[in-house]
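Chain naming here is simple, since letters A, B, ... match the order of the sequence lines and numbering starts at 1 in each. Fair warning: this is a prediction, and the values are worked out from it, not measured in the lab.
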Amino acid sequence: MELNELEKIRAEKINAMRSQGIEPYPTRSEVDHSIRQALDAFAQFEADHQDEPFSETFILGGRIRSIRSMGKLAFAHIEDGSGRIQIMLRLNELGEEALAQFKDYFDLGDFIQAGGTLMRSRTGEVTLLVSSFKMLAKAVSPLPAAKDEEVDGQIIRHATLSDPETRFRQRYADLAINEEVREIFRVRSAVVRALQRFMDSHGFIEVETPILQPIYGGAAAQPFTTHHNQLHQDLYLRISFELYLKRLLVGGLDRVYEIGRDFRNEGVSFKHNPEFTQLEFYWAYADYLKVMEFTEQMVSTVAREVLNTQKVQFKGQELDLTPPWKRVELRQGILDACGIDIDQYPDAPSLLKAMNAKGLTAKPDSTRGKLIDALIGDLLEPNFIQPTFLYNYPRDISPLAKNVPNNPAVVERFEGFMGGMELCNSFTELNDPLEQEKRFIEMGRAYENDDEERHPMDEDYLQAMSYGMPPNGGFGMGIDRLVMLLTNTTSIREVILFPHLREREEE
RNA sequence: GGGCGCGUAGCUCAAUGGAAGAGCAGUGGCCUUUUAAGCCAUUGGUUGAGAGUUCGAGCCUCUCCGCGCUCACCA
């Protein structure tokens with residue numbers, strides 16, 4: 001470990017401490033209360049016994065976040081996972097040697113244990129009057145923290161650590177410094193718990209299906225590939241859970257869900273990370289209309305339980321998650337947005353011509369479904385700010401979904417949008433094995449010359465369906481995006497603890 | 001992958017092609033109720049890496065690395 005100048009100074013302090021018989025990394029601590037507990041106890045005492053001194057003693061532990069040191073007195077703030085408190089070290093209580101030790105050896109970022117009683121300082125802040133303290137863990141590297149600056153009488157507040165590269169590469173430092181970042185991940189954890197509670201309370205069981213898969217499927221995405229050495233077998237990291245979860249319906253598990261990681265070998269953006277967390281569920285005897293209602297209940301319930309409100313701020317706008325959400329039929333939505341009635345253009349060339357006439361462009365050789373998908377992405381998605389369900393999708397981009405009755409070109413599928421982002425995707429699942437096989441073959445033919453879009457046929461999935469699959473509604477939702485919406489963050493990297501970054505080149 | 005922008009002290013940022021700076025952090029002093037503590041002094045730089053143009057490059061040119069935005073991609 002190469003030490004810079006600041007680190008060398010701290011390393012020397014470690015040596016100095018050891019030479020005085022002080023262990024900078026002791027094995028045990030005697031911390032007996034969290035900071036929150038101490039603050040609560042003091043507040044309770046004050047409410048009951050006004051103006052009496054509080055004699056109970058507390059031993060608190062935490063990271064030193066600020067130091068204000070005077071000649072015979074020093075203040076500091078320490079912070080643990082529960083909160084922050086000011087401590088006061090005074091010559092009267094500690095004696096010269098101990099106070100000098102604090103001043104000589106303790107820096108910002110060190111973990112300290114401090115014991116004493118609680119009081120209010122002259123300015124009224126609840127303060128631990130320290131009678132004893134010890135180092136719990138010396139920080140060698142200073143946290144990359146900055147303070148604010150005063151220029152021409154104007155206070156300029158710098159973010160403590162704002163460089164995104166440093167924040168994400170050294171997330172531990174980002175978390176240690178920025179309380180609001182810790183809060184995002186508390187919310188994230190609470191969101192996952194609330195989703196599980198919601199699913200459990202509706203009779204679903206949580207299951208785990210393979211991440212390493214011999215055949216990938218259930219979505220249109222490029223997979224990561226890997227290899228099992230002993231078995232001489234190529235494997236893929238899953239791009240969705242769908243095909244395995246529906247096998248479970250065949251097996252008699254009527255309501256299943258999984259929360260876990262998907263891996264897609266594709267572009268990275270503010271809303272795409274190569275690995276991301278998804279909730280998928282499959283619900284026997286339900287269809288996409290039931291799932292639609294279930295979805296708005298689920299998301300609004302989660303928001304209420306986690307944030308105590310169903311109205312969230314996102315990118316300067318208020319999103320109202322209260323059911324029912326707006327419903328837009330896909331054909332009508334596109335007609336309203338650009339005047340094109342997709343039903344009048346049954347094939348790709350005619351639709352493309354109509355789009356070109358409106359000044360809309362698309363990749364050449366797109367299928368009809370791809371063109372419609374492009375229309376959704378360009379014209380509809382950015383404008384779906386309030387929660388909106390878009391429903392009834394073209395069949396050729398939805399090979400696993402069931403037709404709308406008496407309409408072979410359209411399937412029972414919806415996507416949920418809000419804040420201008422796609423949040424979830426759902427359909428009445430196709431459960432006719434012969435039809436499913438036809439669709440796979442169609443897909444294979446449509447993308448015969450397109451390696452990126454061609455997907456392998458999953459014979460075992462067809463075998464499962466052949467035993468009989470109950471009619472069901474399926475659902476998938478990006479948890480990362482949901483957390484973005486609930487925490488008002490604009491990049492998926494903000495809600496993933498260790499987002500993917502390019503590997504740093506060694507010199 | 002394409003386009004645009006950025007990379008200077010531990011952190012946040014300055015610096016017409018002409019002597020690399022500030023605030024905070026650090027270090028040494030003074031200071032027993034501070035909280036963005038204060039006052040005095042002071043250390044700290046391969047300006048992302050490499051090459052080129054120039055009498056002279058943080059600044060101009062090229063290559064590379066990384067980050068951001070954006071486009072493409074993403075049933």
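Base engagement by A/P399 is indicated by at least one non-hydrogen atom pair under 4.0 Å involving a base atom. Nucleic acid contact class of A/I9 (heavy atoms, under 4.0 Å, all strands): sugar-phosphate only. Using a 4.0 Å heavy-atom cutoff across all strands shown, A/S69 reaches at least one base atom of the nucleic acid. Within 4.0 Å (heavy atoms only), A/S121 reaches at least one base atom of the nucleic acid. Within 4.0 Å of A/R10, counting heavy atoms only, lies no atom of the nucleic acid at all.
Nucleotide B/rU53: unpaired (no Watson-Crick or G-U wobble partner with both distances less than 3.5 Å). Pairing partner, B/rU46: none, since no Watson-Crick or wobble contact has both distances short of 3.5 Å. Remark: B/rG5 base-pairs with B/rC67; criterion is Watson-Crick or G-U wobble with both hydrogen-bond distances under 3.5 Å. Base pairing annotation: B/rU34 forms no Watson-Crick or G-U wobble pair, as no partner gives both donor-acceptor distances under 3.5 Å. Under the Watson-Crick or G-U wobble criterion, with both distances below 3.5 Å, B/rG23 is paired with B/rC11.
Look at the P atom in both B/rG58 and B/rA20: the space between them is 8 Å, to the nearest Å. B/rU12 sits 14 Å from B/rG48 when the P atoms are compared, rounded to a whole Å. Taking the P atoms as reference points, B/rU46 lies 27 Å from B/rA41, given to the whole Å. Comparing B/rU34 with B/rA14, their C1' atoms sit 32 Å apart, to the nearest whole Å. Annotation: B/rG5 and B/rG17 have their C1' atoms spaced 22 Å apart (nearest Å).
The A/E266 side chain lies nearest to B/rC74 when the options are B/rU34, B/rC74, B/rU27.
Rounding to whole angstrom units, CD of residue A/E422 and P of B/rC74 are separated by 13 Å. Protein atom CZ of A/R167 is 15 Å distant from nucleotide atom P of B/rC11, rounded to whole Å.
Between A/K103 and B/rC30 there is no side-chain polar atom (N or O) within less than 4.0 angstrom of OP1 or OP2. Taking 4.0 angstrom as the limit, A/K8 places none of its side-chain polar atoms (N or O) nearer than this to OP1 or OP2 of B/rG44. A sub-4.0 Å separation between OP1 or OP2 of B/rC67 and a side-chain N or O of A/R169 is present.
Test A/F427, A/F389, A/Y393, A/Y391 against A/F414 for ring-ring contact (aromatic ring centres under 6.0 Å, His included) and you get one pass: A/F389. With A/Y216 as reference, A/Y236 is the one residue of A/Y236, A/F263, A/Y244 to meet the ring-ring contact (aromatic ring centres under 6.0 Å, His included) rule.
For A/D396 and A/T367, the side-chain atoms include at least one donor-acceptor pair closer than 3.5 Å. Between A/K315 and A/N488, the side chains place no donor N or O within less than 3.5 Å of an acceptor N or O (distance only, hydrogens not considered).
Of the residues in residues 71-99 of chain A, A/G71, A/K72, A/L73, A/F75, A/H77, A/Q86, A/M88, A/R90, A/L91, A/N92 come within less than 4.0 Å of RNA chain B through at least one heavy atom, sorted by number.
Within the 3.5 Å criterion, the main-chain N or O of A/T127 finds no donor-acceptor partner in the side chain of A/Q86. Although no hydrogens or angles enter the test, the distance criterion places a donor-acceptor pair under 3.5 Å between the side chain of A/N383 and the main chain of A/L379.
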Might you work through the salt bridge (charged side-chain N to carboxylate O under 4.0 Å, His left out) test for A/K438 and A/E435, ending with a clear yes or no?
CA-CA 5 Å; A/K438 250 172 63 187; A/E435 168 72 9; 3.7 Å; yes
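At a cut-off of 3.5 angstrom, the base of B/rU33 holds no donor-acceptor pair with the side chain of A/R122.
With the nearest nucleotide of RNA chain B identified for both A/M70 and A/N425, A/M70 has the one nearer the 5' end.
Ion pairing of A/E79 with A/R65 is present here, as a side-chain N (NZ or NE/NH1/NH2) and a carboxylate O approach within less than 4.0 Å.
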